[in-house]
Amino acid sequence: MENISLNEKINDLVVRMAKEPKNTDLYHQLSELYMQVPDYDKVMNVLDSLLAIKPDDVQALVGMGTMWFYERDFRKSLSYYNKALEINPKNYLIYFNIGNVFAEWKNFSKALFYYNRAIDLNANNPDIYNAIALLYQDIEDYVEAKAYYEKALSLDPENCNALIDMGNVCFKLNDYETALKLFKKVFVLHPNNELVAVCIANALTLTKDDKQAYAYYEKALSMTDDKYKIYICYAISLTEFKEYARAEEMFKTAIDFDPESANAIVLLANFYSSHNRIEEAIELYKKALRVQPNNPETYMLLGNAHYLNNDIEQSIHSYRASISLAPDNDEYRLIYSQVIEDYVKSVRGEL
């Protein structure tokens with residue numbers, strides 16, 4: 001019934017606009033309804049028509065900038081935001097949106113500049129502090145990121161984005177107890193969110209509470225049909241608690257669940273390699289490469305497994321494949337050079 005009601009509202013507005021083509025309020029109302037559908041193409045068509053009537057409509061300019069932002073055409077997005085800023089240089093939201101564009105471009109200094117201008121105009125908006133925290137998180141300045149998340153949460157203690165992001169930062173700072181508290185707070189607010197349940201389970205794993213960790217993985221599995229990543233996290237947790245037989249079965253469950261994804265295959269191969277089951281690891285790395293043929297990291301892991309299996313020629317072959325796919329990776333080239341050097345010395349009888 002909601003969709004029918006929404007369609008009826010849209011049709012009514014279209015009829016009214018035909019009778020009042022200069023009424024800009026109707027354009028704004030119609031664009032907002034299309035946002036609820038959502039139909040971004042129609043939103044943009046309506047806003048384009050509005051700007052043809054009223055080129056200095058700041059709300060329409062910001063709306064167009066946001067639509068192009070969603071389309072990931074950041075240059076067009078920025079052009080509309082800049083036009084809006086010329087008309088209204090005191091609108092904090094425009095500065096915030098421009099900051100988002102530069103954040104997407106990984107231009108830290110300009111993003112921070114515009115976010116700070118947004119704070120000058122609206123110092124009590126938690127989203128701005130959260131965005132700055134993400135900037136610092138991206139450059140791995142986790143202490144500064146945490147400080148901005150704390151500021152965001154002081155303004156909005158139930159801001160789920162800030163709670164989750166600060167939890168992730170606490171993970172990076174090895175403060176698993178605080179991360180756990182933050183994730184549990186989110187789970188109280190959103191008890192049916194399987195991703196938060198997994199975050200809690202991961203934190204419990206690192207605080208060495210195996211029973212509670214397993215309980216939250218089970219909760220997460222019961223909440224969604226998209227279980228692949230949960231199986232993987234569960235398997236890694238079982239490995240942490242040295243339940244190797246169960247971990248192996250859980251990795252296999254993930255593989256059976258989505259045989260077209262390589263991640264679980266590679267992780268099980270790593271598991272076998274770490275337990276000196278090299279032949280099994282080699283077969284799984286090969287299987288992963290059949291699923292995802294152009295992954296340089298998998299070729300490198302396969303090369304390592306061949307090397308551990310004393311099959312140096314095969315390891316060299318795999319390392320070469322890895323380098324051909326990632327020629328700028330210095331670590332791969334260093335490993336390859338060292339293995340080649342050792343191989344030449346062994347052939348010459350120098351080792």
| field | Side-chain donor/acceptor of S237 to backbone N/O of C233, under 3.5 Å | value | no
| query | Do L195 and I230 share a hydrophobic cluster, counting only Ile, Leu, Val, Met, Phe, Trp and Tyr and linking them when any side-chain heavy atoms are less than 4.5 Å apart? | reply | no
| field | Linked hydrophobic residues, F187 as query - side chain contacts closer than 4.5 Å | value | L134, Y142, V143, Y149, L153, L163, I164, M166, V169, F171, L173, Y176, L180, L182, F183, V186, L189, V196, I200, L204, L206, Y216, M223
| Is there a path from Y228 to V266 through hydrophobic residues (I, L, V, M, F, W, Y) whose side chains come within less than 4.5 Å of each other? | no
| request: Give the C-alpha distance, both sets of side-chain angles, the deciding distance and a yes or no for side chain to side chain contact (heavy atoms under 4.5 Å, CB included) between E248 and R277. | output: CA-CA 12 Å; E248 180 179 358; R277 296 163 64 177; 3.1 Å; yes
| According to a 4.5 Å side-chain heavy-atom criterion applied to Ile, Leu, Val, Met, Phe, Trp and Tyr, with indirect links allowed, do Y285 and I255 form part of one hydrophobic cluster? | no
| query | Minimum heavy-atom separation for P55 to I87, with atom names? | reply | O-CD1, 4.4 Å
| said: Donor-acceptor pair, distance only, cut-off 3.5 Å: does the side chain of K185 make one with the backbone of P157? | reply: yes
| query | Do D57 and L61 come within less than 4.5 Å of each other through their side chains, counting heavy atoms only? | reply | no
| task | Report the distance from atom CD of E280 to atom CD1 of I282, rounding to the nearest 0.5 Å. | result | 10.5 Å
| Hey, mind stepping through D12 and K9 against salt bridge (charged side-chain N to carboxylate O under 4.0 Å, His left out) and telling me if it holds? | CA-CA 5 Å; D12 288 345; K9 289 178 182 178; over 6 Å; no
| said: Membership question, hydrophobic clusters at under 4.5 Å side-chain separation (ILVMFWY): are I278 and Y272 in the same one? | reply: no
| Distance, nearest 0.5 Å, that separates CD1 of I335 from CD of Q338 | 10.0 Å
| said: Quick one about Y115 and N100 (side-chain donor to acceptor, distance below 3.5 Å, no hydrogens or angles considered), yes or no? | reply: yes
| Exercise: identify the closest heavy-atom pair between V291 and P259 | CG2-O, 3.7 Å
| Measuring from S49:OG to M44:CE, what's the distance to the nearest 0.5 Å? | 12.0 Å
| task | Taking the side chain as every heavy atom from C-beta outward, state whether V101 and N107 have any atom pair closer than 4.5 Å. | result | no
| message | F251 vs L284, test: side chain to side chain contact (heavy atoms under 4.5 Å, CB included). Steps then yes/no. | response | CA-CA 12 Å; F251 280 128; L284 279 177; over 6 Å; no
| said: Taking the side chain as everything from C-beta on, heavy atoms only, tell me whether N124 gets closer than 4.5 Å to Y129. | reply: no
| field | Check: T205 and F241 side chains under 4.5 Å, non-hydrogen atoms | value | yes
| ring pair (Phe, Tyr, Trp, His ring centres under 6.0 Å): which pairs involve residues 288-317, sequence neighbours left out? | none
| request: Decide yes or no on salt bridge (charged side-chain N to carboxylate O under 4.0 Å, His left out) for E104 and R72, but give the supporting numbers first. | output: CA-CA 9 Å; E104 287 290 334; R72 302 195 65 78; 3.0 Å; yes
| query | Yes or no on side chain to side chain contact (heavy atoms under 4.5 Å, CB included) for N168 and Q137, after CA distance, side-chain angles and deciding distance? | reply | CA-CA 9 Å; N168 292 331; Q137 191 171 340; 4.2 Å; yes
| query | Are any side-chain N or O atoms of S273 and backbone N or O atoms of N270, one a donor and one an acceptor, separated by less than 3.5 Å? | reply | no
| Quick one: do R333 and D330 make a salt bridge, cutoff under 4.0 Å? | no
| request: Dump the intermediate steps for side chain to side chain contact (heavy atoms under 4.5 Å, CB included) on Y27 and I53, then the final yes or no. | output: CA-CA 10 Å; Y27 290 84; I53 299 168; 3.2 Å; yes
| note | Rounding to 0.5 Å, atoms CD (E240) and CD1 (I236) come to a distance of 8.5 Å
| Side-chain donor-acceptor pair present, N23, E20, cut-off under 3.5 Å | yes
| Do the side chains of W105 and R75 get nearer than 4.5 Å, heavy atoms only? | yes
| query | Distance-only, no hydrogens or angles: does the N309 side chain make a donor-acceptor pair with backbone N or O of D311 under 3.5 Å? | reply | no
| request: Ignoring hydrogens and angles, tell me if any N or O in the side chain of Y231 forms a donor-acceptor pair with the backbone of K252 under 3.5 Å. | output: no
| task | Please check if atom CD in E71 has more than 12 non-hydrogen atoms from other residues, nucleotides or ligands closer than 6.0 Å. | result | yes
| said: Measuring centre to centre across the rings, with the benzene-like ring taken for any Trp, is F74 within less than 6.0 Å of F102? | reply: no
| query | Side chains of L121 and N91: closer than 4.5 Å at any heavy-atom pair? | reply | no
| field | Taking every non-hydrogen atom, the tightest pair across Y81 and V62 | value | CE2-O, 3.5 Å
| N11 side chain vs N7 backbone, donor-acceptor pair below 3.5 Å | yes
| query | Do L26 and Q29 come within less than 4.5 Å of each other through their side chains, counting heavy atoms only? | reply | yes
| said: Run Y319 and N304 through side-chain hydrogen bond (donor to acceptor under 3.5 Å, both in side chains) and show every step you take. | reply: CA-CA 8 Å; Y319 290 145; N304 293 343; 2.6 Å; yes
| request: State the CG-NZ distance between L78 and K83, to the nearest 0.5 angstrom. | output: 11.5 Å
| Should Y217 and N202 count as side-chain neighbours, where that means a heavy-atom distance under 4.5 Å? | yes
| said: Checking the side chain of T224 only, and the main-chain atoms of D226 only, is there a donor and an acceptor separated by less than 3.5 Å? | reply: yes
| Flag if over 12 foreign heavy atoms under 6.0 Å of CD, E297 | no
| said: Assigning hydrophobic clusters by single linkage (Ile, Leu, Val, Met, Phe, Trp, Tyr; side-chain heavy-atom cutoff under 4.5 Å), is I94 placed with Y80? | reply: yes
| query | If every non-hydrogen atom of D175 is compared with every non-hydrogen atom of T178, which pair is closest and at what distance? | reply | OD2-OG1, 2.7 Å
| query | What closest approach, in Å, do A269 and A281 show between heavy atoms, and which atom pair accounts for it? | reply | O-CB, 3.4 Å
| note | In Y136, Y114, F113, the residue satisfying ring-ring contact (aromatic ring centres under 6.0 Å, His included) with F108 is Y136
| remark: Closest non-hydrogen contact found for A288 with A262 is O-CB, 4.0 Å
| request: Any chance you could measure Y234, atom OH, to E243, atom CD, to the nearest 0.5 Å? | output: 8.5 Å
| Y336 side chain to S322 main-chain N or O, any donor-acceptor pair under 3.5 Å? | no
| Ionic contact status for E177 with K181, cut-off 4.0 Å | no
